[in-house]
Chemist: 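I'd like to ask some things about the structure below.
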Amino acid sequence: MSLVARNLEAHGIPTLVIGSALDIVEHCGVARYLHSDLPLGNPCGTPYDRDMQLSIINQAITLLHSATVPNTTERTPYSWSDDNNWRDDYAKVDDSNREELARRGKERRLLQTEQKAGGIERAAMVADG
Amino acid sequence: MAEVYDVPYMERTRNYYRAQGYSTDYVWAHNAHTPFAPLTKPMSESRVGVVTTSMPDTALGRTQRSIYSTLTPPIPESMYTEELSWHQAVTHTDDVNSYIPLEQLMLLENKGVIGSLAPRFHSVPTEYSQRRTMENDAPEILRRLREDEVDVAMLVPL
């Protein structure tokens, strides 16, 4: 998505990215980025929290016209919870799932080979987590 | 309260794939220079376009990862997000407003904060191939947003 944003900027359309993967977006480099410190899946706010969701988009609109240089990052004031369990959990690899992941990888490669043979090549980059 | 840290998604993903037996690490896009287009008019006069990585929750959207444009209103009750890498163990994507800001932008349009919301939003697939994104998807999204006559674009990856 950051690449799509960069192409729009290069052709004169101002953009703002709202996301939750700070390292990936900043590694690529976008003009304006509003970072939501929430689990991947809800960059516009906690599900069904209409006040938070509206406040985040209000902040996005403000950032759109306040940013004057590229690679401008701002954070929303919201967080998911007081503990780090969700942060620690994402794509965790430890003794509890090592064997399961190895098995899943084998299955996935088989599926990808079959899909490729069947003409489906647009596989998602990451399918789980 | 525990000390807050930003999840190192690139590192986690690399390790996760290595654990699955993949021998080649994914290389994320990295650029030294970032293009920047200044706003040409106030937000209160601007038309805003929205781009999402979720797919339409239709027979086609569920089976074919591609670019789609969806007229709005209405706001879709659901989108297809199964193949995306969101954090399924701790959250869900049942509330479309939590990842596509259509309702929010309609409210802000009514309040005069933005000029208008574009009459359709666009779905773009996340791609393993950066070449395919740059050669196919990015130019097509540009073409469609120009067709919509948007002044600014809000891009929201899950």
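Labels below follow one simple rule: chain letters A, B, ... track the order of the sequence lines, proteins then strands, and each chain is numbered from 1. Just so it is clear, the structure is predicted and the values come from calculations on it, not from any experiment. Worth knowing before you read on, the calculation uses all heavy atoms, side chains too, and leaves out hydrogens, waters and symmetry mates.
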Chemist: Who among B:Q104, B:E103, B:E140 has the most heavy-atom pairs with chain A under 4.5 Å?
Modeler: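 That would be B:Q104.
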
Chemist: Do other residues, nucleotides or ligands put more than 12 heavy atoms under 6.0 Å from A:E99 CD?
Modeler: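 Check fails, neighbour count at 12 or below.
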
Chemist: Does any backbone or side-chain atom of A:T68 lie under 4.5 Å from a heavy atom of chain B? Answer side chain, backbone, both or neither.
Modeler: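 The backbone, not the side chain.
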
Chemist: Between A:N85 and chain B, with a heavy-atom cut-off of 4.5 Å, which part of the residue counts as in contact: side chain, backbone, both or neither?
Modeler: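 Nothing of A:N85, per the 4.5 Å heavy-atom cut-off to chain B.
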
Chemist: So for A:D23, is it side chain, backbone, both, or neither that comes closer than 4.5 Å to the heavy atoms of chain B?
Modeler: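 A:D23 touches chain B through backbone and side-chain heavy atoms alike.
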
Chemist: Quick check on the interface: out of A:R32, A:K92, A:H65, who has the most heavy-atom pairs with chain B under 4.5 Å?
Modeler: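 It is A:R32.
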
Chemist: Please flag which part of A:T15 lies under 4.5 Å from any non-hydrogen atom of chain B: side chain, backbone, both or neither.
Modeler: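 Looking at A:T15, backbone and side chain both touch chain B.
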
Chemist: At their closest point, which heavy atom of B:H92 faces which heavy atom of A:Y48, and how far apart are they?
Modeler: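 Where B:H92 meets A:Y48 most closely, the heavy atoms are CE1-CE1, 3.7 Å.
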
Chemist: Within the 4.5 Å heavy-atom criterion, are A:V93 and B:Y17 side-chain neighbours or not?
Modeler: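 No, their side chains stay 4.5 Å or more apart.
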
Chemist: Taking the side chain as every heavy atom from C-beta outward, state whether A:M1 and B:T126 have any pair of such atoms under 4.5 Å apart.
Modeler: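 No, side chains not in contact.
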
Chemist: Can you tell if the side chain of A:I61 reaches within under 4.5 Å of the side chain of B:L105, non-hydrogen atoms only?
Modeler: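 Yes, close enough: below the 4.5 Å cut-off.
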
Chemist: Which region of A:R109, side chain (C-beta onward) or backbone (N, CA, C, O), has a non-hydrogen atom less than 4.5 Å from a non-hydrogen atom of chain B, or is it both or neither?
Modeler: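 For A:R109, the contact with chain B is made by backbone and side chain together.
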
Chemist: Locate the shortest heavy-atom distance separating B:W86 from A:G41; write the atom from each residue and the value.
Modeler: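 The answer is CB-CA, 3.5 Å.
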
Chemist: Of all the residues in residues 151-158 of chain B, which have a heavy atom that comes within less than 4.5 Å of a heavy atom in chain A?
Modeler: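 Those residues of residues 151-158 of chain B which have a heavy atom under 4.5 Å from chain A are B:D151, B:V152, B:A153, B:M154, B:L155, B:V156, B:P157, B:L158.
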
Chemist: Considering only heavy atoms, which portion of A:V30 lies under 4.5 Å from any heavy atom of chain B: side chain, backbone, both, or neither?
Modeler: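 Only the backbone of A:V30 comes within 4.5 Å of chain B.
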
Chemist: What I want to find out is whether A:D89 reaches B:R12 closely enough, with some N-O distance under 4.0 Å, to be called a salt bridge.
Modeler: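 Salt bridge absent between A:D89 and B:R12.
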
Chemist: Could you tell me which portion of A:V17 (side chain, backbone, both or neither) has an atom closer than 4.5 angstrom to a non-hydrogen atom of chain B?
Modeler: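 Looking at A:V17, backbone and side chain both touch chain B.
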
